[in-house]
Asks: 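Can you read through this structure? Questions will come right after.
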Amino acid sequence: QKGFKNSKITRDDRAKRKSNRHHLLLHASKFTSLACGCLSWRELYGLFMITLASSSPTRANLLKNAGIEFKQISCSFDESMIAKSLKPEIYVQNVVKAKKEQFLMANGKLTNLLFADSCVACGDKILGKAKDANEALAMLNLQSGNECSVYTAMIFLGEFELINVSKTTYKFAKFSEQELKSYLESGEWRGKAGAMTIENFNKKYITSQHGETSTAMGLNLKILKAFL
């Protein structure tokens, strides 16, 4: 009899505790809704301001269109000092690491820094930024009717360090000679790896794609958003 009573009290007590936990979870849920329910995902990203250490307007537009709050500090880097005899994924990683070291030496320790670099590879040939129209033409002729890959390396320095190298591969149709001439005259190729603009000139000639478009434009937004 005594054991039965004790077990009955225990069951009643457990039921009350379960009910209390349920009410506490409801209150916590309401509190979370009040705290975050009025914020869009764009506004939530805005809580984490990052610094884009790059002169690239394309990368700045990618961050802006993704709703990621940032400020931009322009910086220049001579990529010719990095050996191109390595594999593209190693080369581009070496470039972005060197960019990071140069920037930190000049600007000291800042937080939430984003560095990036891209290169184009056609076969075993790494294409950096063209120095003039003739070099740009040679790079574009390699892409015309061929398969090329864009490698983008990112380093994000926050509480932890993210290092990522992503690849997007395209197959291009043959470029129109007249459109190629107009593109070279426009100067849009300047400052672009391989003289390629996947969002403009090269876009209409794409016959197949494997990988993220944002990678080919200078940042893998999918990886960056997941990390932020």
Side-chain angles (χ1 to χ4, degrees), residues 41-42 45 52-68 70 72 74 76-77 79 84 87-89 91-93 95-96 99 114-154 164-226:
W41 68 272
R42 288 177 179 270
Y45 272 129
L52 174 64
S54 170
S55 304
S56 170
T58 304
R59 290 191 180 100
N61 284 332
L62 283 171
L63 293 177
K64 181 179 179 181
N65 293 336
I68 299 174
F70 71 99
Q72 186 172 14
S74 296
S76 59
F77 181 78
E79 297 174 3
K84 292 183 179 179
K87 291 182 178 181
E89 59 268 32
Y91 165 78
V92 75
Q93 192 173 165
V95 172
V96 80
K99 280 185 174 182
L114 177 62
F115 304 90
D117 192 76
S118 300
C119 76
V120 174
C122 294
D124 295 329
K125 190 174 180 62
I126 294 175
L127 309 179
K129 296 180 178 67
K131 296 176 182 177
D132 53 42
N134 288 332
E135 192 171 10
L137 177 60
M139 291 179 176
L140 290 162
N141 281 334
L142 285 174
Q143 299 165 38
S144 181
N146 291 320
E147 186 176 273
C148 298
S149 296
V150 183
Y151 294 82
T152 290
M154 299 187 304
N164 171 262
V165 178
S166 302
K167 171 186 173 183
T168 300
T169 300
Y170 293 98
K171 172 68 177 176
F172 295 114
K174 276 281 187 181
F175 297 162
S176 159
E177 289 188 13
Q178 184 57 48
E179 290 181 348
L180 184 55
K181 182 181 178 182
S182 298
Y183 177 60
L184 289 170
E185 289 174 350
S186 73
E188 289 180 38
W189 52 269
R190 295 186 186 280
K192 306 291 185 181
M196 179 190 289
T197 53
I198 209 66
E199 70 276 21
N200 292 320
F201 175 76
N202 292 71
K203 185 176 182 179
K204 68 181 295 184
Y205 295 102
I206 297 171
T207 59
S208 68
Q209 173 180 341
H210 300 283
E212 298 289 323
T213 299
S214 67
T215 293
M217 294 173 67
L219 290 172
N220 187 324
L221 287 178
K222 188 175 182 179
I223 296 293
L224 184 61
K225 283 181 179 180

Asks: For a quick check under 3.5 Å, do Lys192 and Thr58 share a side-chain donor-acceptor pair by atom type?
Replies: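 Yes, a side-chain donor-acceptor pair sits under 3.5 Å.
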Asks: Do Phe70 and Arg59 touch side chain to side chain, with heavy atoms closer than 4.5 Å?
Replies: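 Of all side-chain heavy-atom pairs linking Arg59 with Phe70, none is under 4.5 Å.
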Asks: Are the side chains of Ile198 and Ile206 in contact, using a 4.5 Å heavy-atom criterion?
Replies: yes
Asks: Decide yes or no on side-chain contact (heavy atoms from CB on, under 4.5 Å) for Leu62 and Leu221, but give the supporting numbers first.
Replies: CA-CA 8 Å; Leu62 283 171; Leu221 287 178; 4.1 Å; yes
Asks: Heavy atoms, side chains only, cut-off 4.5 Å: are Leu114 and Leu224 in contact?
Replies: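 Leu114 vs Leu224: side chains touch.
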Asks: With a 4.5 Å heavy-atom cut-off, do Val96 and Met154 have their side chains touching?
Replies: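 Heavy-atom side-chain distance check fails, nothing below 4.5 Å.
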Asks: Please report the C-alpha distance between Ser149 and Glu89 in whole Å, then the side-chain angles of each, then the deciding distance to 0.1 Å, and finally whether the side-chain contact (heavy atoms from CB on, under 4.5 Å) criterion is met.
Replies: CA-CA 10 Å; Ser149 296; Glu89 59 268 32; over 6 Å; no
Asks: Just so I know, are the side chains of Cys122 and Leu127 near enough to count as touching, which here means a heavy-atom distance under 4.5 Å?
Replies: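 Result yes, sub-4.5 Å side-chain heavy-atom pair found.
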Asks: For the pair Phe175 and Phe201, name the ring-plane relationship: parallel under 30°, tilted 30 to 60°, perpendicular over 60°.
Replies: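 It falls in the perpendicular class, over 60°.
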Asks: Are Leu140 and Gln143 packed together at the side-chain level, in the sense that at least one heavy-atom pair is separated by less than 4.5 angstrom?
Replies: yes
Asks: Minimum heavy-atom separation for Trp189 and Ala133, please, with both atom names.
Replies: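 So the two residues come closest at CH2-N, 3.5 Å.
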Asks: Quick check: do Leu137 and Leu180 have side-chain heavy atoms less than 4.5 Å from each other?
Replies: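 Answer yes - side chains close enough.
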